[in-house]
Each structure stands twice: as structure tokens, then as C-alpha cells.
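Reviewing the structure listed below.
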Amino acid sequence: MSKKFKDFSEEEKNIYRQNMRHSAAHVLAEAVTKIFPKAKVTLGPPIKDGFYYDFEVEKPFTPENLKDITKLMQKIINKNSLFVGREVSKADAFELVKGNQYKEEILESMEEDSLVTFWSHSNGEFEDLCRGGHVNSTGEIKSFKLLSTAGAYWRGDENNTMLQRIYGTAWESKEALKEYINRIEEAEKRDHRKLGKSLNLFFFDPIAPASPFFLPNGTIILSELEKYVKDLYNLYDYKEVITPQIFNTELWKRSGHYENYLENMFFVSIDKKEFGVKPMNCPAAALVYASEIHSYRDLPLRLADFGRLHRNERSGVTHGLTRVRSFSQDDAHIFCKFDQIQAEIENFLDMLNESYKTFKFDNIRFELSLRPEKRVGDENTWNESEKILKNILDKNNYKYSMQSGEGAFYGPKIDAFVPDAIGREWQLGTVQLDFSLPERFSLEYIEEDGSRQKPVVIHRAMLGSLERFLGVLIEHLSGNFPTWLSPVQAIIIPITDKHLDYSYDIYKQFKSKNIRIEIDESNERMNAKIRNAQLRKIPYMFIIGDNEMSSKTVSVRTRNGKETSSISRVDILEQVNSEILNRF
RNA sequence: GCCCUAGUAGCUCAGUUGGCUAGAGCAGCCGAUUUGUAAUCGGCAGGUCGCGGGUUCGAAUCCCCCCUAGGGCUCCA
């Protein structure tokens with residue numbers, strides 16, 4: 001290449017990497033077809049940070065196979081042969097892919113008279129139906145690594161045959177590859193499943209698959225999260241309700257869940273009647289609303305419900321805390337008049353922004369999902385409501401994209417996404433309009449003129465599932481919770497046991513302010529006590545020795561290694577306390 | 001649900017082609033030590049080798065079933 005990679009613009013880099021990764025997929029396909037002549041090639045696109053290629057083979061690939069394939073790929077790359085494209089007619093193309101039903105299917109989906117391109121390298125030893133997007137020659141694939149194998153359905157549809165996929169990554173230099181591997185390792189260190197274990201936050205037991213048990217430490221964090229949300233609810237005028245766990249199936253028929261959500265629900269039988277365990281709170285919220293007659297003066301009515309939900313997720317899709325079968329949400333339903341929608345959603349987004357800031361999540365991005373093909377409600381209502389949502393996003397200068405057709409059947413929605421500390425993006429909050437629920441449950445309010453009107457329902461969650469949010473937060477913070485969330489906020493480390501009495505004194509003082517504090521009374525040396533506290537990621541360590549005892553002070557070490565010797569007890573108490581109260 | 005991989009002490013892991021009472025470190029308990037910013041020393045105790053079945057003189061190890069967990073299952077020539 002004439003221009004050096006490092007001089008490329010971000011966009012050029014991306015395109016170059018994509019081409020290189022796609023080229024690597026071709027090289028992978030050549031290696032596989034040479035080692036396994038019966039293998040049928042299918043698709044091999046570049047993906048974020050790498051590429052994959054799906055093959056139809058008799059037996060799944062083994063790690064040994066990957067080694068052989070890697071070797072052969074390196075040989076092909078070393079030969080540095082050119083990628084060459086050619087155009088053929090569709091008829092000729094069918095001749096070329098004969099016997100490969102996957103490629104035939106791809107050809108069939110293409111326009112009638114279009115010309116089809118084939119790309120080859122290794123001087124024609126391998127050729128593949130491909131729209132293009134390669135580097136000039138195989139030698140430009142500087143550094144690659146095959147990562148894993150996996151079963152994958154043709155076109156992602158489980159009714160199709162299962163293919164064998166090989167994932168790989170490729171980079172413009174050895175250093176870039178290494179950096180990428182480091183990034184993966186860093187992510188693994190932050191894995192909430194690992195940290196959850198080492199910090200004693202939660203565990204799983206096969207006796208209740210995909211349902212977390214929260215230990216005292218994890219429970220403290222969840223309670224603090226809930227307390228925080230409740231404080232915001234107080235500020236933003238929400239009312240909290242508590243609703244039942246299981247409902248007669250009649251309810252789920254009425255709400256539509258029996259029709260649309262059946263396979264994700266758990267059912268129990270009581271007195272020969274069928275009951276469903278709630279997977280969502282909305283029908284219960286509707287019942288609460290309907291339990292009284294409402295005047296327009298009551299609206300908007302914001303009903304929060306932390307009720308525990310159960311969803312029967314398919315066995316292969318559950319994952320740590322981020323996809324579980326039993327969880328609670330900071331869920332609420334707002335019942336309002338149509339002309340209150342805008343204010344309500346703006347209000348909610350304000351609260352959402354405020355809360356994300358508290359958790360040090362920046363760069364919120366929104367997605368506005370518009371009407372899907374299958375939907376309820378008249379066109380006018382959709383037009384109006386989509387316009388309202390778009391207005392809100394525009395007016396407040398929120399960063400967002402539009403997803404046409406992705407809305408729920410009952411209304412358009414806005415989802416909030418945030419990147420975490422190492423750049424991975426998570427979907428957290430959501431706000432959805434619902435025109436269906438008021439209909440199904442015949443919800444009404446009495447208008448100023450005495451007429452009966454239908455309210456609009458807004459579903460909204462800020463943090464989403466609290467379990468999932470905790471998982472995300474653990475990875476975002478790498479387990480270093482801010483003081484207000486830390487299960488143990490400070491630990492006193494007496495150097496010898498003659499410092500114990502003074503330590504108790506400090507302990508009582510902090511305890512009386514409701515600070516979660518411990519004394520390390522173990523028969524260990526100070527160094528070991530510090531190490532233990534560090535490993536537990538306790539934000540404050542108070543070292544107590546002769547100096548502190550005689551001057552009635554404490555020496556403070558924070559978990560990031562900052563040391564301050566002999567500061568006044570009142571000062572440090574104030575500091576810790578204000579961090580907690582301000583949720584800093 | 002489907003494909004692959006894995007499951008040994010509370011945790012992290014050894015356990016070579018089937019072969020002695022299944023090992024280690026950490027954690028735990030007991031004892032000694034009383035120590036200034038990331039591991040003091042010694043001892044003790046701890047295991048249905050995920051569950052069930054089979055092969056074998058003999059199974060953590062080989063085979064089958066089940067359970068659970070992990071990596072995946074259109075970022076579309």
C-alpha cells in the first residue's frame with residue numbers, strides 16, 4: 001500500500017480492517033476446503049474485531065483442526081497472492097456453485113439479470129462467490145488468530161441445518177492483535193460472574209437454574225440501588241405499589257400474554273385452575289388503575305412496581321446476571337392523557353440522565369423504534385406519538401438513531417444505550433407507549449366535561465432489571481463500587497491488639513452514623529490485613545497504631561493506594577459520610 | 001431448543017496410556033507471633049471426583065443417559 005495504515009483516517013482504518021478481515025475469511029475457507037475437501041463453504045463476513053466463516057462439514061471442528069487450519073492459512077498468507085475478481089452471468093454462476101445449496105440459495109435471492117462476482121486468490125486455487133471488499137493480496141493480512149468454533153444455523157434460523165462456524169480475528173500488525181487480546185483479557189477480569197464470586201455477591205445453584213442467590217454483600221448493593229430509585233421516585237412523584245405474583249390465566253388471556261408470551265411463562269395449577277407467574281407487571285398495574293374511578297385531575301398517575309418477575313428463558317440463552325429467569329425491575333407505568341405524553345417522557349428522560357450520571361455512565365445514546373408491520377392503534381395515533389417522541393429527542397439534543405419497524409406492536413419506544421468503562425455498549429432504560437393495554441382492560445378517566453376517556457399507558461424502566469444492572473455495574477466499575485454502594489464502606493486495621501480498644505471507639509462512632517464499617521481483628525500482620533481489604537475492594541482502610549492512638553487520629557488508606565496519615569476523626573467521618581449521602 | 005467444550009475440597013487448579021489410602025495453594029479451625037501501608041510461621045481438618053447406569057479383576061480416567069455451566073446460533077454474496 002502506498003499510504004501507511006497509521007496515516008489513515010478512522011473511517012479508512014475501519015474499511016481497511018473490514019476488507020482485511022473479510023479477506024482472512026476467504027483464506028480460512030481455502031484452508032478448510034483443502035484440509036476437508038467435502039466441506040461446503042457458505043458465508044464469511046467481517047464482524048466487529050474479526051471475522052467468521054460458516055461451513056457445512058460432517059464433523060464439528062476440533063481445537064486440533066484449528067491448529068492445522070491456522071498453519072495452512074499462514075502458508076497461504078506468506079505466498080502473498082493477489083485477490084482477483086471477475087464477473088459472470090447468473091447462469092454461469094449457478095454452474096460454478098453447483099452442488100452447494102447455500103450458494104445457490106444466495107444466487108436465487110439476487111436480481112434476475114444481474115452480473116455476479118467471484119473472487120479468487122492463491123492464483124485461482126480457491127474461488128468464492130463474493131460481492132467483494134478485499135485487500136490487494138493475502139500478505140496484507142498481517143496478524144490473525146482463530147478464536148473459537150461454534151454451531152450456527154444457516155441464516156440464523158433454527159429450522160435450517162446447523163453449520164460449523166469458525167471465529168477469528170485479524171489486525172494490521174502484531175501489536176494491534178496483542179492489544180486486542182489484552183482487551184479481551186481485561187474484559188474477562190471484569191467478568192461479573194468472576195467478581196460476583198470473589199466478592200461474595202451472589203451464586204447460582206443447579207437446583208434453581210438461571211436464578212441468582214444474593215449473598216449479604218450483593219443484597220446490600222441491590223437494596224442501595226432500590227433505595228436510590230425510590231428516592232428518585234419521591235422526587236419525581238411516583239407512587240409505589242405491590243402486586244401479586246401469580247394470577248389466574250384469565251388475566252393473561254385478557255392482557256394478550258397468553259397469546260404472545262406463552263412459551264416464556266411459568267404456570268402452576270391451584271384447585272384445578274391454571275395460574276401464570278407474572279413475567280411482566282403491566283396487567284397488574286392496569287388492575288390497580290382500574291380499582292378506582294379516576295378523574296382527569298388524577299393524571300398523570302405514576303405507579304412503580306418492583307415486583308419479582310419470572311421468565312422462562314430458553315436454556316441456551318441465560319447468562320450470569322445479565323439474562324436470568326427470576327428478577328425484578330425498576331418498573332413503572334404512567335397513566336396519562338395523550339397531551340401529557342411529551343411532558344411525562346421528558347420528565348422520565350431527565351430522571352434517567354440524572355441516574356446514569358450517578359453511576360458514571362456517559363455518552364448515552366438512544367434508539368427510537370417506530371411502528372412495526374403488525375400493530376394495534378389507528379394511523380393517526382401512531383403518527384402523532386412518533387412525532388412526539390422524535391420531538392423530545394431533537395429538542396433536547398439527544399444522540400439517537402431511528403429504527404423503523406422495531407417498535408412494539410402496542411406502541412413506539414425509546415431505548416437508552418450506554419458504553420461501559422471498556423467501551424462495550426449496554427441497553428439499560430426503555431420507555432414505551434402503549435395503546436393496547438387501556439383498550440384490553442377498558443381503562444378510563446372522567447374528563448373535565450364529564451365524558452369517559454381512555455388514558456395512555458407509558459411503560460418505563462431506568463435501570464431495567466436490577467440484577468442485570470448489577471451485572472453491568474460490576475463490569476463497568478470492575479467491582480470497585482462507590483462508597484455508597486460498597487457492602488463494607490470502611491475497615492479498621494489495628495496494627496496490634498493493644499490498638500483494639502481505640503479501634504472499637506472509632507467503630508462505634510462510624511456505626512452510629514450508619515456507616516458499614518468493620519474491624520479486622522484477625523491475628524494477621526498489618527500488611528496481610530491491608531491486602532485482604534484491597535482484595536475485597538473496600539474503599540477506606542483506617543490504620544490504627546501507636547501514633548493514631550496517642551494523637552486521637554486515624555491514618556487513611558484508600559483502595560486506590562492513596563495514603564493520608566493521622567487525620568482527625570471528625571474530618572474523615574465527614575468525608576465518608578458526605579460521599580455516602582451524596583452518592584458520589 | 002440446537003452445536004461444541006467443561007464439571008475433582010468453600011475457591012483456583014494438578015491428577016500422564018484405567019492400577020496403591022485422589023494431591024497442592026488459598027480460604028477454614030487450632031497454636032505460636034504483636035508486627036507501620038498488598039500474603040508471618042507451624043499444625044489440624046476438609047472430597048458421594050455433577051447425577052444415574054454400563055464396560056472391567058479394577059473407573060476421577062472408557063461408553064451411554066440426564067443435570068448444570070461456558071462459547072456460539074444472519075454484524076447477511
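Note that the coordinates shown come from a computational prediction; the quantities given were computed from them, not determined experimentally. Per chain, numbering begins at 1; letters A, B, ... match sequence-line order.
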* Is A/Arg21 close enough and on-axis enough to A/Trp171, meaning under 6.0 Å and within 45°, for cation-pi? -> yes
* Among the candidates B/U37, B/C76, B/G1, find the nucleotide nearest to the side-chain atoms of A/Met526. => B/U37
* Which nucleotide, B/C76, B/A38, B/C11, lies nearest any side-chain atom of A/Arg531? -> B/A38
* Asked: Considering only B/C3, B/C73, B/U40, which nucleotide approaches the side chain of A/Gln164 most closely?
  -> B/C3
* Closest heavy-atom pair and its distance - A/Asn217, A/Leu199 -> ND2-O, 3.2 Å
* Structure fact -> Closest to the side chain of A/Arg165, out of B/A38, B/C73, B/U68, is B/C73
* Report the base-pairing partner of B/A6 (Watson-Crick or G-U wobble, both distances below 3.5 angstrom), or none. => B/U68
* Candidates B/G36, B/C4, B/C75 - which lies nearest the side chain of A/Pro60 -> B/C4
* For A/Thr62, enumerate each residue passing the side chain to side chain donor-acceptor pair (under 3.5 Å) test, keeping only those at least two apart in sequence or located in another chain. => A/Asn65
* Quick one: label A/Ala152 by what it contacts on the DNA or RNA (base, sugar-phosphate, nothing), any heavy atom closer than 4.0 Å. => sugar-phosphate
* Asked: Any idea which heavy atoms bring A/Phe118 and A/Ala93 closest together, and the distance?
  -> CE1-CB, 3.9 Å
* Ignoring the backbone of A/Arg155, work out which of B/U12, B/C76, B/C75 is nearest its side chain. => B/C76
* Structure fact -> Within residues 84-99 of chain A, those residues having any heavy atom closer than 4.0 Å to RNA chain B are none
